[in-house]
Peer 1: 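Quick one: the structure is below, questions incoming.
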Amino acid sequence: MLYLHSLSEAEEIFKALSTPMRLRILELIYENDQMSMNDLAKALGLTNSAISLHVSKLEDAGLVAIHTTSGKRGIMKIVHPTYSRLLVDMAPQAKPRHCYTDDISVGHFISCDVHPTCGLATPANIIGELDNPKVFSYPERFEADIVWIGYGSLTYNLPNRLNPGQSLHELQISFEISSECPEFNQDYPSDIHFSINDIPLGTWVSPGDYGARRGIISPYWWPELLNQYGLLKSLIINENGTFIDGTMRISKTKIQDLHIDHNSSIYFTFSVPQDTANCGGLTLFGEKFGDYSQAIRVKAYYDNSNTTAH
């Protein structure tokens with residue numbers, strides 16, 4: 001989900017969506033996220049140069065991403081949608097908000113409780129052997145770009161860039177995620193729990209472990225029977241509670257309940273308890289695996305800033 005906090009912040013998005021042809025392009029790639037530039041040109045009766053211009057505008061606004069892949073006649077450019085939802089705050093914020101953003105690699109967990117099926121892989125190779133929890137202690141894990149566990153937990157230390165006098169108003173944590181089934185299973189629900197500093201944030205049910213097609217950006221060597229891609233989800237904690245994708249509230253836990261100030265550590269945990277109703281594991285995809293080229297992304301909104309936001 002793309003969450004924009006003001007009309008001015010959404011200006012470039014509105015410009016990109018102002019042409020009916022670009023809306024049609026988005027409709028087509030949401031229906032089939034394997035469409036190439038040539039496919040779009042043929043479907044819409046446009047020249048390649050005209051399609052390139054329209055797609056470029058959408059790409060500049062962050063609404064699509066272009067990935068190259070090998071085709072029968074050389075390299076194909078696949079146009080993939082970036083977000084499944086767009087949320088814009090129409091009313092101005094009562095107070096100006098500042099933000100810092102950090103990306104955390106999926107291999108940079110600080111603690112874990114891992115049970116098979118499980119494993120890690122870098123963009124170049126699988127680390128150690130599959131279904132052996134001890135490989136999660138190997139130093140190569142810091143290079144991992146995909147991590148999966150049958151049940152248990154993964155904890156990450158999120159950066160805290162607050163200065164004295166600054167107040168945290170919202171945390172947004174986005175990630176590409178799925179369930180974890182031996183091989184894959186499109187219908188394999190998993191109760192994925194979230195917490196910060198051991199304070200529960202709620203539970204989201206992952207629908208399945210996706211593998212009917214290859215992940216758009218996964219390495220060529222990645223086995224077809226393993227996890228291929230996930231869903232891009234956004235966990236939002238603000239003064240109204242905790243939400244998935246800005247619209248579905250999963251708990252009443254508010255940002256003020258976390259008691260985070262400039263001295264606080266922020267330990268964020270994904271977990272699938274063994275005794276949960278749908279114990280279907282979890283898979284986290286990084287920048288080089290799955291469908292979305294991003295790590296775990298953290299955006300922290302605060303006020304009374306005396307420094308330049310990142």
Peer 1: Does the side chain of S195 come under 3.5 Å of the side chain of D198 through a donor N or O and an acceptor N or O?
Peer 2: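 Note: S195 and D198 side chains miss the donor-acceptor criterion.
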Peer 1: Answer yes or no: is there a donor N or O on one side and an acceptor on the other, between the side chain of T19 and the main chain of M21, under 3.5 Å?
Peer 2: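 Not a single qualifying donor-acceptor pair exists.
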Peer 1: Can a side-chain donor-acceptor contact be found between H169 and N238 if the only test is distance below 3.5 angstrom?
Peer 2: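 Distance-only check fails for N238 and H169.
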Peer 1: With under 30° as parallel and over 60° as perpendicular, where do the rings of F175 and F194 fit, or are they tilted in between?
Peer 2: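 Answer is tilted, since the angle falls between 30° and 60°.
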Peer 1: Taking atom CG of L226 and atom CG of D209, what is their separation to the nearest 0.5 Å?
Peer 2: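 The CG atom of D209 is 9.0 Å from CG of L226, to the nearest 0.5 Å.
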Peer 1: Of all heavy-atom pairs between I146 and W222, which one has the smallest distance, and what is that distance?
Peer 2: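 The answer is CD1-CZ2, 3.9 Å.
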Peer 1: Would you check if the distance from the ring center of Y229 to the ring center of Y210 is below 6.0 Å?
Peer 2: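 Ring centroids of Y229 and Y210 are less than 6.0 Å from each other.
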Peer 1: Do the side chain of S190 and the main chain of I192 share a donor and acceptor less than 3.5 angstrom apart?
Peer 2: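 Side chain of S190 to backbone of I192, a donor-acceptor pair under 3.5 Å: no, none is there.
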Peer 1: Measuring from C279:SG to Y188:OH, what's the distance to the nearest 0.5 Å?
Peer 2: 7.5 Å
Peer 1: Find the distance between OG (S234) and CD1 (I173) and round it off to the nearest 0.5 Å.
Peer 2: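 Separation between the atoms: 8.5 Å.
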Peer 1: Sub-3.5 Å donor-acceptor pair from the side chain of S218 to the main-chain atoms of G290, do we have one?
Peer 2: yes
Peer 1: What pair of heavy atoms forms the shortest contact from P273 to D191, and how long is it?
Peer 2: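 Shortest heavy-atom separation between P273 and D191 comes out as CD-O, 4.4 Å.
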Peer 1: Kindly check if the number of other-residue, nucleotide or ligand heavy atoms within 6.0 Å of NZ (K233) is above 12?
Peer 2: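 More than 12 within 6.0 Å, yes.
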Peer 1: Of the non-hydrogen atoms in F136 and C118, which two are nearest, and what is the gap between them?
Peer 2: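 Looking at all heavy atoms of both residues, the closest pair is CE1-CB, 3.9 Å.
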